[in-house]
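Because only heavy atoms are used, hydrogens play no part in the values below, and waters and symmetry mates are left out as well, while side chains stay in.
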Amino acid sequence: MDFSLTEEQQLIVDTTRRFVQSEIVPLEDHLDPDAGSLEPADHDRLVDTTKSMGFYGLDIPEQYGGPGLDTTTRALMAIEMSQHRAGLYNPCYGVFGGAGLAQLYEATDDQKERWLYPTLKGEKKGCFALTEPSGGSDPARAIQTRGIKDGSEWILSGSKLYISGADKADYALIFARTSDDPGRNGVTAFIVDTDTPGFHVRRVVHTLRATHYATELQFDEMRVPEENILGEVNGGFAIANDRLSRQRIPYAAGCIGPAIRAQEMSIDWAKSRETFGSPLAEKQAIQWMVVDNEIDIRHARYCVLEAAQKADSGERFRTEAAMAKLVATEASSRVIDRCIQIHGGVGVTKDLPLERWYRELRIRRVGEGPSEVQRLIMARDILGGSFK
Amino acid sequence: MGIRLEKAWMDLNSEVIDSLPAQLGVYHVANSDETVLSIGYAGAGHLFGMRTALEEELDLHGSQATKFRFEFTANYRSRWDELLMLHLHDFGQLPSHQQAEQSRVGRLSPD
């Protein structure tokens with residue numbers, strides 16, 4: 001495959017890199033090392049900048065006013081946008097805007113009026129509620145939240161775990177079991193306003209992540225109108241699964257940025273730091289770590305770009321997306337680990353971003369489908385469906 | 001597991017603050033009626049962690065602030081947000097000087 005960038009892609013990459021280095025990184029010098037947001041005035045100013053650049057709402061489809069980036073260009077931007085301290089979970093602190101919940105682009109016209117368009121205008125926020133205490137890796141079978149039809153309404157009861165943004169959301173996309181089918185054919189997606197009686201955010205779930213915390217939700221006999229069903233009754237798992245597959249490529253790309261930045265920091269450090277009378281860069285042990293980092297970064301980048309190019313060309317990309325997610329999360333974790341080793345004591349302090357990347361990258365090997373599930377997906381494709 | 005910060009109140013003065021470890025964490029600062037004046041965190045930006053953060057609170061509130069209680073945690077950002085949400089749930093508003101935070105704080109219904 002040809003991984004060389006087009007002139008336009010190179011321009012976008014260079015512009016994004018300059019934006020991160022000149023606008024985001026200097027602001028971080030004045031923030032708490034675990035901060036997850038900019039000062040409101042800085043945020044608003046940078047949103048105006050990204051809008052003037054034509055890059056606001058990166059993931060919004062072109063017909064809804066987005067910039068219409070292909071998956072490859074979006075992945076290249078994700079690699080650049082994550083090259084700062086908060087970059088893994090708050091790339092550029094959200095100043096490039098969000099797309100809302102991608103599933104809503106498939107909603108009915110009425111649902112779009114009620115939830116999609118207000119979200120695109122920044123008037124409403126949504127959250128995605130799939131995972132439950134009973135498990136997240138096999139959601140089709142793990143979902144125990146029940147939906148029972150009662151006239152023109154559905155009554156939802158159950159709980160969800162590790163849900164980001166629910167405490168600030170105006171609505172949630174909730175997946176519930178609505179038939180006796182124990183698998184993927186018994187799940188329905190409901191759009192539920194969070195002020196619906198019975199919707200509770202019970203607690204913050206504290207994790208290795210510095211910000212963007214997760215929450216635990218409980219639903220006590222929530223009554224949801226029939227018209228709030230997204231898609232077909234018992235057809236919700238396809239909606240959830242589509243999101244999981246699409247998400248893997250930008251998710252993987254975002255892991256590479258911190259690894260690239262950490263490698264640059266380590267090279268500078270190795271050249272300037274002296275031990276036993278010579279720079280670290282002259283020690284074979286350090287040289288090999290730097291080389292292994294480079295191999296991991298390039299390997300991850302190639303896997304991500306291959307998956308993105310297949311997605312752009314309309315080919316099947318499930319195996320490639322799973323491989324990109326697996327390789328990028330694991331390779332970047334190894335890179336950050338080596339970079340901490342090269343830096344020594346200062347590497348584990350909050351004076352540098354390495355410790356935050358180390359913690360937050362650990363989650364990436366679990367989130368959006370752990371490495372083992374990615375291997376399972378690839379094994380099915382490589383061995384054939386009969387070995388499911 | 002309770003999620004509220006319900007540890008015993010301690011006297012807020014320089015002597016007590018100096019005796020604390022310089023660790024990261026969260027705290028309540030209150031007046032003599034145990035009305036919470038401030039919900040804060042000691043982050044990595046505070047030179048001596050909890051000690052520096054509480055000295056700043058003492059400077060901010062002066063003699064009005066007489067008590068505090070704290071919890072050490074490396075998850076000071078998410079725990080701080082959680083404490084703000086809990087206060088909002090319990091009292092309907094944040095402590096007076098933190099009401100600017102109210103628009104960004106989420107909501108919990110823990111009970």
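A:Glu39 and A:His43 share no donor-acceptor pair across their side chains, judged by distance under 3.5 Å alone. With 3.5 Å as the limit, one finds a donor-acceptor pair spanning the side chains of A:His200 and B:Ser109. The closest side-chain donor-acceptor pair between A:His206 and B:Glu82 falls under 3.5 angstrom.
Using a 4.5 Å cut-off between heavy atoms, B:Leu83 does not touch chain A at all. Residue A:Thr215 does not touch chain B at all, counting heavy-atom pairs closer than 4.5 Å. For B:Asp81, the part sitting under 4.5 Å from any heavy atom of chain A is the side chain, from C-beta outward, and nothing else. Interface residue A:Ala35: backbone and side-chain heavy atoms are both found under 4.5 Å from chain B.
Of all the listed residues (B:Val105, B:Leu108, B:Asp111), the one sharing the greatest number of non-hydrogen pairs under 4.5 Å with chain A is B:Leu108. Residue with the most contacts toward chain B among A:Thr349, A:Thr207, A:Val205: A:Thr207 (heavy-atom pairs, distance under 4.5 Å).
With a 4.5 Å cut-off on side-chain heavy atoms, A:Ser37 and A:Thr211 do not count as touching.
Aromatic pair A:Phe199/A:Phe219: ring centres closer than 6.0 Å.
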